K.L.:
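The structure that follows is given in the form of structure tokens.
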Amino acid sequence: MILLSVHSVYAQDNKSADFTGNYQVEYYPDRKLNIYWENKNLMLEIVGQGKTGLTPLTGNTFSVNGLPHSTIEFIQDSQGRTIKFKLVLKVPGTEWNKISKDSASLNSSPENLQMYEGRYAQKGTGYQVIDIKTNSGHLTSQIPGETILDYYPLGQNKFIFKKDDFSSVYEFLQDKKGQINRIHSTESGPIVCAKVTDKTTTASSTKHNFTLRKDFTEADTLRGNLSLLRTCYDVLFYDLDVKVDPDTKSIQGNTIIRFRSVNDFKLFQIDLFANMKIEKIVFHDTMLSYTRKGDAVFVQFPEMIKQGTKDEIQIYYSGIPQVPDLTSLSGGFIWTHDKNGKPWIETVVQGSGASLWWPCKDHLSDKPDSMHITATVPAGLTVISNGRLIGKTDLSDKLVKFQWAVGYPMNNYSAVLYIGDYVHFSDQFVSAIQSFPLNYYCLSYNLDLDKQFVQQVKPLMTLYEKDFGPYPFPRDGYALVESPYGMEHQSAVSAGTFNNLYDGKPVDSIAHVIEFWHETAHEWWGNSVTCNDMADFWIHESFASYAEVLCYENFFGPAAAEEYLKKQDPGNKEPIIGFYDVNDFHMGDMYSKGMRMIASLRQSINNDSLFFSLLKGIQSKYKYQSINTADVISYFNKGTGADFTYLFDQYLRFGPIPKLLISKKTSGKDLEFRYKWNANVSNFSMPVKITAGKKEFFIYPITEWKSTSLINTLTDDIKIDNVHSYFLIEKTE
């Protein structure tokens, strides 16, 4: 996964830090909003719709970027704690086009409110729909699965919803034939959003906020620790069958877990979020007893399962899965609509875990050998998942079932459902060493855009095959899917959407391309070679981020790659490696700093032929496996014949980056150049590339002073490369 940065507006202070948190509209609790920090910028996220930045005005008031004259004012209690904010949106009226087939004429009796009924899609962005129905002399408006609002007659063909100083007016309009075909909605007054306190979020209060890498909960340990109740069995196969209802935003399904017992046991742990109901667990046609502790499920078998036994259980379950929350990095179901008002859905569960929507052994160390994923949705929608499409069946009740098969080991968070009004086209990748199908899926109205965008796929696959080795999943093929959120779902990668969900405008083209590079690189780094503990997630993100540099270098040249490296601005405040044996999902510096660490490693090896052979070698050695930091370090040390433990330790285990202390003294035309490292690692000894006039060479600093005499060299002639290697330079006397 890649997080796209925004420009910094101002530094965080204690006062503004209190603004952050989860909020909900007071009269509409289903509308969730988040205020959070991203790259030193205060952000507003409307959950399920998008995000934008906030710019300070005066006091507690901020402007909303991209929406002229729209503001947020934070309100504090008598003790100075933020308790709510008022959101004033100065936006023009919104048009909603009727998309249901039924329609009625305005010539109908005004008392016949049924003429207004139907489903309407927002014009422009179109990522929202409303259902209009009648109820006891007034209308109701509802986003499917959310709060119902009551609209009362205001005048001819006008209806109003009012709450305190906020009001929303619907004016129903007709086409040339006199039939109602759209709504013009206007809003006025502030929307009051209350801060959600711990008391109002008891369902999630036991869950760790992944942005705070401390105070881990028992739930974090149950998810992240490999207890005896998890190591006693090895998952061989998952068969997931789920029905998705976009209107109620709910799912129901069953999952078969086929396993091999590693040790004798009568009790083992699976994982399923506490808000999801277990209907029953079946083993050999017998219902098993179980207990639950938060998201952990402890399944009791009637007799001892002997070591080496292969068997399976089937879990039936249902519920409303959580939605993503950027403030805590929690994943979930993204429920939105396309521009035509049709449901557009994606599962994004990295960090929170696949168990937020299907029962599994939710740990990165245990990848199944293969998997089947079956999803049933309303007719007219398409389900795209991992692997190969092996079946599509039209069912009764206007439903359709899609069956997908994954033929390779896969980490749980890579299992995905993309649901929408998709069109499909395909191609074939052919190289000297392999061939496999290329499948492309996009929203029906973006076909021309997508056909142009995917022209980049073959050149990218050629580059990654050269640098990382063969594509790891040729039998399943490679799919690129347009979706609300870019993610590295195995063999069904997404680079996001062509239009921003917040304002409907086209996304930044180069940002979209970089996301495509990054998520595709995860097919090697993350999907094939996987970390076995969330603490080592840098193995996924640092190498995939460095792949962006390789793309710049290959497609735009070394100078462009160098400029891209220069733009990386890590925080350098905490280690990249997380805490082991708890579910420590975090972002931090593993992208930008991790990228620069890999660049430093390449510079230090100073042999591109060897460096790229090692990248390909690690992919070959650990293909389809789960590994840790020690495995990576050991591999590079053995492959280079040198000890780079110091380099990995410095960048991974400490927040600050090393400083090169330098001193320059001239003597006639000559220069005495002194240098040493100031680093957290006592034996830090990374080589440094120097340019002196027309000469390039390496110096080899250690944590003690060393010196080099440079003949016929002036002070200003010395150029120190701290771009391809990442460190600060500090001049001393």
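Source: prediction; values computed, not measured.
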K.L.:
Tell me whether W357 contacts the main-chain N or O of M276 through its side chain, where contact means a donor paired with an acceptor under 3.5 Å.
P.N.:
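Looks like no, no N/O pair under 3.5 Å.
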K.L.:
Is the number of heavy atoms from other residues, nucleotides or ligands under 6.0 Å of K623 NZ greater than 12?
P.N.:
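Enclosed: over 12 neighbouring heavy atoms sit under 6.0 Å from NZ of K623.
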K.L.:
With heavy-atom distances below 4.5 Å as the criterion, would you say the side chains of Q619 and V529 are in contact?
P.N.:
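Side-chain contact under 4.5 Å: yes.
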K.L.:
Would you say the ring centroid of W358 lies under 6.0 angstrom from that of Y238?
P.N.:
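When the ring centroids of W358 and Y238 are compared, they turn out to be within the sub-6.0 Å range.
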K.L.:
Do Y233 side-chain atoms and Q269 backbone N/O form a donor-acceptor pair below 3.5 Å?
P.N.:
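Yes; at least one donor-acceptor contact below 3.5 Å.
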K.L.:
Does any N or O in the side chain of K401 come within less than 3.5 Å of the main-chain N or O of K392, such that one atom is a donor and the other an acceptor?
P.N.:
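Side chain of K401 to backbone of K392: no pair is present.
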K.L.:
Would you call R223 and D295 a salt bridge, taking side-chain N to carboxylate O under 4.0 Å as the test?
P.N.:
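A salt bridge is absent here (no side-chain N lies under 4.0 Å from a carboxylate O).
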K.L.:
Test the R475-Y408 pair against the cation-pi criterion, namely NZ or CZ under 6.0 angstrom from the six-membered ring centroid and within 45° of the ring axis.
P.N.:
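Verdict for Y408: a cation-pi partner in R475.
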K.L.:
Quick check: closest heavy atoms across L364 and S626, and the distance to 0.1 Å?
P.N.:
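Heavy atoms of L364 and S626 come nearest at O-OG, 2.8 Å.
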K.L.:
Looking at K458, is its backbone amide N or carbonyl O close enough to the side chain of T462 to form a donor-acceptor pair, meaning the two atoms are under 3.5 Å apart?
P.N.:
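Yes, because the side chain of T462 sits within donor-acceptor range (under 3.5 Å) of the backbone of K458.
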K.L.:
Do you know the tightest heavy-atom contact between I373 and S385?
P.N.:
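Between these two residues, the closest heavy atoms are CD1-OG, 3.3 Å.
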K.L.:
In the structure I gave you, are the side-chain heavy atoms of E465 and Y471 within less than 4.5 Å of one another anywhere?
P.N.:
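Counting from C-beta outward, E465 and Y471 never come under 4.5 Å.
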K.L.:
Take H363 and D366 through the side chain to side chain donor-acceptor pair (under 3.5 Å) test and state the conclusion after the steps.
P.N.:
CA-CA 6 Å; H363 197 276; D366 194 351; over 6 Å; no
K.L.:
Out of I657, D589, V723, which one pairs with R596 under the side-chain contact (heavy atoms from CB on, under 4.5 Å) rule?
P.N.:
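That would be V723; it is the only one of I657, D589, V723 passing the side-chain contact (heavy atoms from CB on, under 4.5 Å) with R596.
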K.L.:
For S600, is there any backbone N or O sitting under 3.5 Å from a side-chain donor or acceptor partner on S604?
P.N.:
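Side chain of S604 to backbone of S600, a donor-acceptor pair under 3.5 Å: yes, one is there.
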K.L.:
Atom CD of residue position Q452 - does it have more than 12 heavy atoms of other residues, nucleotides or ligands inside 6.0 Å?
P.N.:
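Result for CD/Q452: open.
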K.L.:
So does D271 get a backbone contact from the side chain of D362, meaning a donor-acceptor N/O pair under 3.5 Å?
P.N.:
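No; zero donor-acceptor contacts below 3.5 Å.
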K.L.:
What orientation do F644 and Y646 show, parallel under 30°, tilted 30 to 60°, or perpendicular over 60°?
P.N.:
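Ring orientation of F644 relative to Y646: tilted.
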K.L.:
Go through it in stages, so that I can follow the logic: the residues are T645 and D643, the test is side chain to side chain donor-acceptor pair (under 3.5 Å), and I'd like the CA-CA distance, side-chain angles, deciding distance and then a yes or no.
P.N.:
CA-CA 6 Å; T645 305; D643 189 352; 2.6 Å; yes
K.L.:
Does atom NZ of K466 have more than 12 heavy-atom neighbours, drawn from other residues, nucleotides or ligands, at distances under 6.0 Å?
P.N.:
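Yes, the 6.0 Å shell around NZ holds more than 12 heavy atoms from other groups.
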K.L.:
Look at D427 together with K451 and state whether they make a salt bridge at an N to O cut-off of under 4.0 Å.
P.N.:
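No, no charged N to carboxylate O under 4.0 Å.
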K.L.:
Could you check T520, N411, N527 and say which one makes a side-chain contact (heavy atoms from CB on, under 4.5 Å) with E488?
P.N.:
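Looking at T520, N411, N527, the match for E488 under the side-chain contact (heavy atoms from CB on, under 4.5 Å) is N527.
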K.L.:
Students often mix this up, so state it plainly: with edges at 30° and 60°, are the rings of F556 and W517 parallel, tilted or perpendicular?
P.N.:
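Geometry flag for W517 against F556: tilted rings.
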K.L.:
Out of F425, F453, Y478, F516, which one pairs with Y440 under the ring-ring contact (aromatic ring centres under 6.0 Å, His included) rule?
P.N.:
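Per the ring-ring contact (aromatic ring centres under 6.0 Å, His included) rule, the option paired with Y440 is F425, out of F425, F453, Y478, F516.
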K.L.:
Can you tell me if L226 has over 12 outside heavy atoms packed within less than 6.0 Å of its CG?
P.N.:
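Atom CG in L226 is crowded, with more than 12 foreign heavy atoms closer than 6.0 Å.
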K.L.:
Restricting to non-hydrogen atoms, name the atom on P658 and the atom on Q650 that form the minimum distance, rounded to 0.1 Å.
P.N.:
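Heavy atoms of P658 and Q650 come nearest at CD-CG, 3.8 Å.
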K.L.:
In terms of the angle between their ring planes, are F579 and F216 parallel, tilted or perpendicular, with boundaries placed at 30° and 60°?
P.N.:
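The arrangement is perpendicular - the two ring planes meet at more than 60°.
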K.L.:
If we check ring-ring contact (aromatic ring centres under 6.0 Å, His included) with H489, which of these qualifies: Y418, F473, Y441?
P.N.:
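By the ring-ring contact (aromatic ring centres under 6.0 Å, His included) criterion, H489 pairs with just one of Y418, F473, Y441: Y418.
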K.L.:
Is the shortest distance from a Lys or Arg side-chain nitrogen in R602 or E553 to a carboxylate oxygen in the other one below 4.0 Å?
P.N.:
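Salt bridge: yes.
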